[in-house]
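Down below is the structure, laid out as structure tokens.
Numbering of ligands and ligand atoms starts at 1, following listing order. Quick caveat, the model's predicted, so the values are computed rather than measured. Both backbone and side-chain heavy atoms feed into the values below; hydrogens, waters and symmetry mates do not.
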Amino acid sequence: MTGGHYIGDDCAMPTPEIKICGIREPGSLDAAIRARAAFAGFVFFPRSPRNVTTAEAAALSARAQGRIARVGLFVDADDAMLGEAVAAARLDVLQLHGKETPERAAQLRARFGIPVWKALSVASETDVARADSYAGAVDRVLFDAKTPAGTLPGGMGLSFDWKLVANWKGPVAWGLAGGLTPDNVAQALDLTAAPLVDTSSGVESAPGVKDDDLIAAFCRAVQAR
Ligand SMILES: O=C(O)c1ccccc1NCC(=O)[C@H](O)[C@H](O)COP(=O)(O)O
């Protein structure tokens, strides 16, 4: 069978959705579209090597229109920055990767009228349980690895113990991120049954430099299961 992971007599797990994060170049965007990723992530965080300006995001957005969903990634951004990016890049999703509370997330979802995802840094069961507080406030939580103080809050190629979210059945949609690569994503999916996987540095040849072949390999590894 194709398009899913066979788990029994007559039912199959749907193929997980794929987000390729930190896209800065038209060629990388085209590679993600060719590989049938569902989401392209644009990072609006100046300390990141993947940061894009709103003008750069606007150009990428026009290329993405109707071909892949556009996720804007923010870290404790203020309303002005969010509003400028949403308008310029015509974002389809807001991904909040800072200390945003459920109340802040709900406020932004109401203000911008687009889905909001909240990234949660995971190192323990307690961290995973925080997802419950975002139910009703966001459309998806993204379980990601904790990163060392003073480094980026994400995009560090670090993974966490996937057993912590194995077959997670919480009150909100979810996704898996952190250290996922073409070589380990199938194993991560076998262990967790994540409905969405997200990668950034795992498909790069250097920080912020996406590799089209790695993007293709990552997506193939997800879709071939
Ligand atoms: O990707 C970044 O540069 C980044 C910077 C600041 C906050 C979040 C960031 N990325 C968030 C993502 O959604 C990444 O895809 C996720 O953290 C996984 O990254 P990686 O471990 O490099 O695959």
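If you check the side chains of T15 and Q223, you find no donor sitting under 3.5 Å from an acceptor. For D76 and H97, the side-chain atoms include no donor-acceptor pair closer than 3.5 Å.
Short contacts between ligand 1 and C21, defined as distances under 4.0 Å to a heavy atom of the residue, involve ligand atoms 12 (C), 13 (O), 15 (O). Close contacts between ligand 1 and G178 involve ligand atoms 18 (C), 21 (O) [criterion: under 4.0 Å to a heavy atom]. Proximity to F45 (heavy-atom distance under 4.0 Å) selects the following atoms of ligand 1: 6 (C). Near S48, meaning under 4.0 Å from any of its heavy atoms, are these atoms of ligand 1: 2 (C), 3 (O), 5 (C).
Counting heavy atoms under 4.0 Å from ligand 1, residue L73 touches it through the side chain alone.
In terms of N/O distances under 3.5 Å, ligand 1 is approached by G179.
If you look at W168 and F143, their ring centroids are closer than 6.0 Å. Close placement of the W117 and F39 rings is indicated, their centers lying within 6.0 Å of each other.
Between R63 and D30 there is a salt bridge, with a side-chain nitrogen of the basic residue lying less than 4.0 Å from a carboxylate oxygen of the acidic one.
Of the protein's non-hydrogen atoms, D144 OD2, 3.2 Å is the one closest to atom 16 (C) of ligand 1. Protein heavy atom at the shortest distance from atom 22 (O) of ligand 1 is S201 OG, 2.4 Å. Shortest contact from atom 14 (C) of ligand 1 to any protein heavy atom: D198 OD1, 3.6 Å.
Side-chain atoms of T192 never come within 3.5 Å of backbone atoms of N167 as a donor-acceptor pair (strictly under, hydrogens ignored).
Of the listed options S200, G154, G155, G157, G154 places a heavy atom closest to atom 5 (C) of ligand 1. The nearest non-hydrogen atom to atom 2 (C) of ligand 1, considering only R50, M156, E204, Q95, comes from R50.
Both V141 and F74 are members of a single hydrophobic cluster when ILVMFWY side chains are connected at heavy-atom separations under 4.5 Å.
Counting non-hydrogen atoms of neighbouring residues, nucleotides and ligands closer than 6.0 angstrom, the CZ atom of R36 reaches no more than 12 such neighbours.
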